[in-house]
Each structure stands twice: as structure tokens, then as C-alpha cells.
Protein chains: 2
Amino acid sequence: MDYDRQCMSDRIRSVLTARIFDGTLKAGDRLVELEIAREFDTSQTPVREAFRELESLRLVDCVPYRGTRVREISEREMVEAYTVRGALEQLAAELAAPLLQGDVTEIRQSLGLIHAAAREGDIEAYARHNMDFHRAIVVASDNEVLIHSWERLAFEARVRLHLRRHNEPNLSLRALEHDPVVDALEIGDGKTAGRLLREHAESCKHRWCERVRDADSQTDTNSPDVQQMNASCLS
Amino acid sequence: MDYDRQCMSDRIRSVLTARIFDGTLKAGDRLVELEIAREFDTSQTPVREAFRELESLRLVDCVPYRGTRVREISEREMVEAYTVRGALEQLAAELAAPLLQGDVTEIRQSLGLIHAAAREGDIEAYARHNMDFHRAIVVASDNEVLIHSWERLAFEARVRLHLRRHNEPNLSLRALEHDPVVDALEIGDGKTAGRLLREHAESCKHRWCERVRDADSQTDTNSPDVQQMNASCLS
DNA sequence: TGGCGAAATATTATCGATAATATTTCATCG
DNA sequence: CGATGAAATATTATCGATAATATTTCGCCA
């Protein structure tokens, strides 16, 4: 049997997800069912199903009889997500440390790629490898529910949003925060690794807040709205 | 405008959710689209949309061209969920404590109802008020992302499953674990409240594990499969 | 008797059309 | 002019039917 079978609705969902992640679809953009149906040369039905899934991933908002739009990610939600992420990754590190038994080769490999991307100033690559790094730790916890909860934060979108906000002045400096985490995991010290990861999340959050404040004060007179800000970030 | 508008698919979703929670639909049960469509006197389309939402709530499993079933909740997943729940509620307490400013009236009210239900041996009421208690703390964190992550654990189903596993020998004793949490919150000690909540989740997890072990050793010869176990628990 | 494969059956995935609802346009009136 | 509301338009929600796929039944043969 063909288990890789893909329904039309699944294809549509992945394409739309990718577009939201890569910024082709910006926060607030309207998604019209028949338009997308035409694009995929299909009927309305699979498009609607795709929308429902995107909605439960919190990537879009559906309002009955009024349509579907790419969800705004408010500054507040961003901060909240960092907080939750910190707690989940702390737990992940604590669970992962005894399971890894000192074998952090995979995680250290991601770390190497992070540093390389930082040196070259490649923001896209940095974001990707950064996600891989954090995901590797979460997956190492071997707790499916935790992995699922973490994935649902859809941090990928948020990380890219974050890095594009302004050109990160010092990507390499930021990358260095990851090193002691791996060192702690290697010697099986989950508590320390967890604490460091949580602090890392907090420091990312604070950097984000500072930037938003800076950006707001610059454009204070004519554009104080978060909605606009997010739209431009994702583009 | 009528913002309470309910689509057919939403109605179907809520009814099916309720049936899964209250045990009318048991783990493993098949859900046939046209059967449900007939029952609600509607077409297949809204039923399918409802299924998609239930799937993203992890209440059912959909396999392309093979149908939809109520999801099994394995023993392992149960344990994993307790672990994640502990971490999320710990964070919630830490965030909530400074915001509550000593006002724990609502939380203490839930606690009273928990004790009352425990005294009367009313398992349904205990489960309900227990959820209200924990939710009240999570909501008090005022972190939407955290609240959402916690709700998604769909702990309601799991708590009922847990309590019905066998008649809880001492509901009142168990209820007492909640009291020091509220005391800590009242004096603004979020760290302690959080630690206690996490320990509470751990102790629930361990009680659960012991029971599963007991039940397994009893029926060891003819029914060692978790699948069957969960099915009967939900009934 | 038991395994194999083709028809029969059951069910899901998708379609094209229509009903229900929201939004826009625009003529009318004060 | 600006407000108002009815028609026109756009879009979503649902329908009934069909195509695609999986499962079952059952006759056939070794």
C-alpha cells in the first residue's frame, strides 16, 4: 500500500505553510478559497480542509462567512511564546541529558553549522540550523508529547521574523550562547543545560523587546501599530 | 452581525468532542463520514471538516482513504503528558503569583469544590473541579500561548481516564496535595507553588503507573495489551 | 482445505452547483 | 452633501453526485 499518499488538501496545506514561513504570505493577507482552488486546479473542498488544519496550527484565522487570513503574531504573543519555549526546552534538556549518555555528536554538528552561518552572516541558514539545534535537544528528550507541544509553537516562523526584524548586529556573539548548553549535556548535567536554555530563551526575548522598542520610537509619529510591523517583518 | 454563528462543522465537532470526553466514543472506535452525516442530517463535507479539527486536537487519527478512528492514548503518552503538564503548570504558577497579588479567592473556591467532591466520592465532579482548579492557575499566568499549550494537552480526557481506571481509594487524600499550592500563591511565592504543582503532577504520574502495573499483573496471561486497556477505561 | 485473485461492496476524496451570508455599489431622499 | 437602504457582487457553507481507493466476499484451483 502507498503510505506516502498525499491528498490534495495535504499538498495545499504544505504549500500554504511554506508560504507563510518564507514570507510569501504576510500576516493579515486574505486567503480566498476559490482563488487558491483555481491555482491548484482543484475544487473548493480540499482548500477548505487545508484551511482548517492551518487554523489549528494557528497560522491563519478563519471567521465563519467572513473568510480566512494569515494570522497576526503580536509583539505580546512573541514574548509569551519565548517564555513557554524556555520552559519546554528546559524540561527537554533535563530529560535528554541522562538519555544521551554523553553522545552529543548530532547536536554539536548543528552547533557547528550555526557558527558557520553566523560567520558568513547568512541569516536564513542561521535560522534553519538554530531550529535544528533546538529541535535536536527536544527530540532527544524522547517525549512525544513534549516534542509535539514544542513543534506547535511554530517557532520557525517566529525565529525568522526575529532575525529579519533588523540585521542582527552580532550573530556570532549570539551563537556562542549555545556552546555551554552542549557542554553541560555532554557531561550529563541536565539541570544546568536546562537552566542555560531557559536563560537563552529569556535573553532572546529581551533582545527582541529592545529592538521593538527601538523601532517603535523611530517611527513613533506615523506608524505605531504592531500589525504593520509584523507584516513588513515577514516579507 | 451574528458572531455566535455556528457552522454545521462546528456543531459536529463539539458533539463528537463531548462524546470522546464522556466516553460514548471509545478509543479505537471508527468514525464513518456518511454515517455521521446522516445522523446530523447533513452532507459529508462538514463532517470531514470536523474530523480535520479533531485530528489536530489529537482526539482522532485520520489515515487517507482508510478512515478516521478515535485515537488510542497509550500508557506511555499518558506518562509523557503528565511530565509536560508539570512543567507548564510550574511555569504558570511562577508567572501567576506576582499577578495575583494575593487574591486567590477564585482558586480557593475551586479547591473547596474539589474537597467536597472528594468527600462525597463523586468522581465526575472531582475531575471537573480539579480541571477548573488547574486551569484557573494557568489562566492567571495571563500568557495566552501557555494557556493554549496547556489546553491542547486535552487533559480533561486523561484525568477522567485516570480516575476511572479504578475507583480512587482515597480521593480526599489526593485532594490535599492542592492546598499548599494555593497557600504559596497567596503569599506570592510562585517558585514554591510551581515546585509543588510539578511534584503534584509527578505524584499523579506515579500513582497512575503503579495502577497500570497492578492491573497488568492481574490480567497478565490473557490481556497484556495497552490498547484494550485504554478502550475499557474510556467506556 | 487453504491460498489466490477478481468481482462486489464500502468508504473516502473530490467535484461542480447551489444556498446562505457578507460586502460593496449606487440611486434616493432629507 | 451625507446618510440610508436596496440591489449587485463576492465569498463562504453546504449539497448531492462521482471518482478513487480500500476492504470484503467468494469462486477457483492446487
Side-chain angles (χ1 to χ4, degrees), chain A residues 1-17 19-20 24-72 227 231, chain B residues 1-17 19-20 24-72 227 231:
Chain A
M1 238 172 325
D2 180 5
Y3 283 110
D4 287 354
R5 169 176 318 295
Q6 274 230 97
C7 301
M8 201 39 142
S9 48
D10 292 334
R11 277 231 323 272
I12 296 171
R13 178 179 49 72
S14 5
V15 171
L16 293 182
T17 302
R19 285 187 192 164
I20 292 173
T24 310
L25 282 170
K26 298 187 274 246
D29 279 1
R30 178 94 183 274
L31 297 176
V32 177
E33 297 176 359
L34 284 171
E35 259 176 36
I36 294 171
R38 263 197 303 280
E39 179 188 340
F40 286 87
D41 195 33
T42 179
S43 76
Q44 211 181 332
T45 314
V47 177
R48 282 179 62 83
E49 286 181 23
F51 282 8
R52 287 297 166 121
E53 293 178 42
L54 294 176
E55 182 178 34
S56 69
L57 290 168
R58 292 169 60 90
L59 293 175
V60 304
D61 274 328
C62 304
V63 182
Y65 290 105
R66 312 238 353 238
T68 297
R69 293 172 177 277
V70 178
R71 212 165 76 80
E72 309 285 356
Q227 180 165 333
Chain B
M1 242 174 317
D2 181 5
Y3 281 111
D4 287 353
R5 173 175 316 295
Q6 274 229 94
C7 301
M8 203 46 170
S9 49
D10 291 335
R11 277 231 324 271
I12 296 172
R13 178 180 47 73
S14 0
V15 171
L16 294 181
T17 302
R19 284 185 192 166
I20 292 172
T24 309
L25 282 170
K26 299 186 274 251
D29 280 0
R30 178 94 183 276
L31 296 177
V32 177
E33 297 176 359
L34 282 172
E35 259 176 38
I36 294 171
R38 263 197 303 278
E39 180 189 337
F40 285 88
D41 194 35
T42 178
S43 75
Q44 210 183 335
T45 315
V47 177
R48 282 178 63 82
E49 285 180 23
F51 282 7
R52 288 296 167 117
E53 293 179 42
L54 293 176
E55 183 179 34
S56 69
L57 290 168
R58 290 168 63 87
L59 292 176
V60 304
D61 274 329
C62 303
V63 182
Y65 288 107
R66 311 240 352 242
T68 297
R69 293 173 177 278
V70 178
R71 211 165 77 81
E72 309 285 356
Q227 182 166 330

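Below, read A as the first sequence line, B as the second, and so on, with proteins coming before strands; counting in each chain starts at 1. These figures come from a predicted structure and were not determined experimentally.
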For the residue pair A:D10 and A:E53, establish whether any side-chain heavy-atom pair is separated by less than 4.5 Å.
yes
Let me know the distance between CG of B:D41 and C1' of D:dC15, rounded to the nearest Å.
11 Å
Report the nucleotide, chosen from C:dT14, C:dT21, D:dT14, that has the shortest atom-to-atom distance to any side-chain atom of B:M8.
D:dT14
Is any side-chain heavy atom of B:E49 closer than 4.5 Å to one of B:C7?
no
Atom pair distance, as rounded to whole Å: CG in A:D61 and P in D:dT12
14 Å
Round to a whole Å and report the spacing from CD1 of B:I12 to C1' of D:dC15.
13 Å
Over all atoms of both residues, closest heavy-atom pair of A:F51 and A:V60:
O-CG2, 3.9 Å
At a heavy-atom distance below 4.0 Å, what parts of residues 29-39 of chain A sit against DNA chain D?
A:R30, A:L31, A:V32, A:E33, A:L34
Atom CZ of B:R30 with >12 non-hydrogen neighbours under 6.0 angstrom
yes
With a 4.0 Å cutoff (strictly under), does any side-chain N or O of B:T68 reach OP1 or OP2 of C:dT12?
no
For B:Y65 and D:dT21, give me the distance from atom OH to atom P, rounded to whole Å.
5 Å
Kindly indicate whether the side chain of B:Q44 and the base of C:dA13 share any N or O donor-acceptor pair separated by less than 3.5 Å?
yes
Do B:V47 and B:L31 make a side-chain contact, defined as non-hydrogen atoms from C-beta onward lying under 4.5 Å apart?
no
Presence of salt bridge, B:E55 and A:R13, under 4.0 angstrom:
no
Rounded to the Å, how far apart are B:F40 CZ and D:dC15 C1'?
17 Å
Whole angstrom is fine here: how far is it from CD in A:E49 over to P in C:dA13?
7 Å
Taking only the side-chain nitrogens and oxygens of B:R48, find out if one of them lies under 4.0 Å from OP1 or OP2 of C:dT12.
no
Any donor-acceptor N/O pair, B:R69 side chain to B:G28 backbone, under 3.5 Å:
yes
So, does B:R66 get its side chain near the phosphate of D:dT23, meaning an N or O under 4.0 Å from OP1 or OP2?
yes
Closest approach to the side chain of B:S43, judged atom by atom: which nucleotide of D:dG16, C:dA13, C:dA20 is it?
D:dG16
